[in-house]
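A quick write-up on the structure given underneath.
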Amino acid sequence: MNNYNIALISGDGIGPELTEATIKVLKAIQSKFEVGLNIIEVDAGDRCLENRGVALPKTSIETIKSSHACLKGPVGETAADVIVKLRLMFDLYANFRPIKAYPSVPCMWPDIDFVIVRENTEGLYKGLEFTLNDTAICLRVITRKGCERIAKQAFELARRRNMKQRVTAVHKANVMKVTCGLFAEVCREVSQLYPDIDFDEQYVDATAMRLIKEPQKFDVIVTTNMFGDILSDEAAQLIGGLGMAPAANVGENFAIFEPVHGSAPDLVGKQTANPCSMILASKMMFDWLGERYGDSVCSTAAVAIEDAVVETLCKGITIPDFGGTAKTLEMGEAIANEIFGK
Ligand code: ATP
């Protein structure tokens with residue numbers, strides 16, 4: 001049996017509610033499959049700042065460093081001090097955001113299945129902002145190395161998915177000729193290494209429109225940091241909202257899994273938040289552990305989680321947003337029961 005140390009940040013707002021539901025699923029996986037999970041709670045976020053005066057304490061960083069992977073709930077106002085910092089610290093340059101329509105969820109189209117691959121460490125989110133007299137300036141940093149490695153991740157993913165075999169590079173090179181120009185040029189170069197994968201390019205404003213008009217045509221979208229952030233919130237609305245949107249922050253040696261959304265203060269304490277975002281993030285964690293450690297049990301666990309989500313949704317066990325009556329925790333329990341029942 002393989003054992004994994006999993007650092008767990010429960011986060012702020014609806015984070016603890018989602019985490020409670022997700023832990024039910026992790027426990028079901030642990031007892032059903034030959035996989036040991038040592039879950040270590042790690043303090044970070046708004047509450048941590050309030051209690052300890054720092055949003056991401058050194059001890060938390062050390063615990064995350066010594067774990068095999070990190071699962072994270074949404075963090076509130078201190079997100080930039082927690083997840084943005086962690087992405088840079090661990091060089092988690094690839095942000096995978098799957099956008100997939102699940103049955104029994106009100107989706108704009110039933111056959112949506114694509115992934116946004118967002119560069120995670122550069123661009124306008126690099127944090128290089130300053131003022132010069134009355135002028136505010138934000139520097140957009142795009143490097144050849146950064147473009148190359150994210151483009152390669154996108155093409156490799158298109159191959160692995162073995163679906164439409166298409167990568168769409170999204171940029172605005174007609175206006176941002178230097179920064180987006182480099183991104184587009186490198187994507188074109190990398191596409192030459194993958195003759196089996198179709199490659200096309202779109203301007204980001206056109207993509208925003210096409211996501212609504214014909215989202216079924218996308219397979220893998222690769223884009224820069226801020227464009228990817230904005231497009232993924234838009235895309236989540238196609239498949240039932242942010243509660244159905246998980247994400248993986250992946251580097252060469254480490255990965256952090258989390259919902260796409262923030263702490264959703266409007267839903268706190270109501271038990272109406274959809275836990276699928278974090279439960280599907282845990283599914284992505286098992287996929288990654290399976291690949292990284294060559295552990296087929298983890299890969300099987302990932303499939304079991306997704307199947308259990310589908311079966312639960314098909315039984316009509318959903319949150320009020322989708323016409324159901326289930327509470328956040330009840331959905332987690334129902335998904336866990338599907339795993340036990342296999
Ligand atoms: P950030 O600014 O940190 O990126 P965001 O833009 O994702 O956060 P959120 O507050 O997380 O903002 O999400 C926007 C809205 O989406 C929430 O106010 C809430 O109504 C809805 N939402 C977010 N997460 C969920 C969820 N898990 N289940 C149901 N609804 C959700």
Side-chain angles (χ1 to χ4, degrees), residues 9-25 44-49 55-56 71-87 95 97-102 104-108 116 118 120 123-125 127 208 211 225-249 256-284 305 309 312-313 317-335:
I9 299 172
S10 62
D12 304 306
I14 56 172
E17 291 166 57
L18 301 192
T19 300
E20 197 186 6
T22 306
I23 283 177
K24 296 278 174 199
V25 173
D46 296 1
R47 276 182 306 144
C48 183
L49 177 66
L56 184 61
L71 183 62
K72 178 192 149 291
V75 165
E77 291 301 312
T78 52
D81 298 320
V82 178
I83 188 61
V84 178
K85 223 169 173 180
L86 287 170
R87 284 169 183 159
N95 191 198
R97 297 186 155 187
I99 301 293
K100 183 169 173 180
Y102 284 93
S104 305
V105 173
C107 295
M108 199 173 262
I116 295 177
R118 162 193 174 195
N120 224 10
L124 284 168
Y125 288 1
L211 280 176
N225 203 339
M226 192 177 75
F227 290 164
D229 192 20
I230 296 169
L231 291 178
S232 49
D233 265 34
E234 180 193 351
Q237 288 310 310
L238 303 168
I239 51 139
L242 286 164
M244 295 303 296
N249 303 278
I256 299 179
F257 303 85
E258 60 177 350
V260 163
H261 58 75
S263 62
D266 53 321
L267 304 181
V268 178
K270 296 181 182 160
Q271 282 283 326
T272 53
N274 185 353
C276 288
S277 54
M278 193 161 169
I279 290 170
L280 289 170
S282 77
K283 178 251 177 209
M284 294 182 84
I305 293 174
V309 167
T312 302
L313 291 167
I317 305 173
T318 57
I319 51 154
D321 265 6
F322 300 164
T325 55
K327 305 266 184 222
T328 306
L329 184 58
E330 286 167 357
M331 263 200 92
E333 283 165 349
I335 294 165

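Atoms within a ligand are numbered from 1 in the order they appear, just like the ligands themselves. Atoms considered below: every heavy atom in the structure, side chains included; atoms not considered: hydrogens, waters and symmetry mates.
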Within a strict 4.5 Å, meaning less than it, do heavy atoms of the [X] and [Y] side chains meet?
X: Thr78; Y: Asp12; answer: yes
X: Lys24; Y: Pro275; answer: no
X: Thr22; Y: Ile279; answer: yes
X: Thr19; Y: Met278; answer: yes

Within ligand 1, which atoms have a heavy atom of [X] less than 4.0 Å away?
X: Asp266; value: 17 (C), 18 (O), 19 (C), 20 (O)
X: Ser263; value: 11 (O)
X: His261; value: 7 (O), 11 (O), 23 (C), 24 (N), 27 (N)
X: Leu267; value: 19 (C), 29 (C), 30 (N), 31 (C)
X: Asp233; value: 6 (O), 7 (O)

Under 4.0 Å, heavy atoms only, figure out whether ligand 1 is touched by the backbone of [X], its side chain, both or neither.
X: Asn274; result: both
X: Thr272; result: neither
X: Ile319; result: neither
X: Asp229; result: neither

Is the count of non-hydrogen atoms from other residues, nucleotides or ligands lying under 6.0 Å from Glu234 atom CD greater than 12?
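Yes, enclosed.
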protein heavy-atom neighbour closest to atom 11 (O) of ligand 1 works out as Gly262 N, 2.5 Å
Item to check | Protein heavy atom at shortest distance from atom 14 (C) of ligand 1 | outcome: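 It is Leu242 CD1, 3.8 Å.
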If you compare all heavy atoms of [X] against all heavy atoms of [Y], which two are closest, and at what distance to 0.1 Å?
X: Asp46; Y: Gly76; value: OD2-CA, 3.4 Å
X: Cys276; Y: Ile335; value: SG-CD1, 4.5 Å
X: Thr328; Y: Ala273; value: OG1-O, 2.7 Å

Quiz prompt | Is_contact(atom 4 (O) of ligand 1), protein non-hydrogen, under 4.0 Å | solution =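 There is no protein heavy atom less than 4.0 Å from atom 4 (O) of ligand 1.
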| said: Less than 4.0 Å from atom 18 (O) of ligand 1, is there any heavy atom belonging to the protein? | reply: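 Protein heavy atom within 4.0 Å of atom 18 (O) of ligand 1: present.
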Any chance you could measure Leu267, atom CG, to Asp321, atom CG, to the nearest 0.5 Å?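 The CG atom of Asp321 is 7.5 Å from CG of Leu267, to the nearest 0.5 Å.
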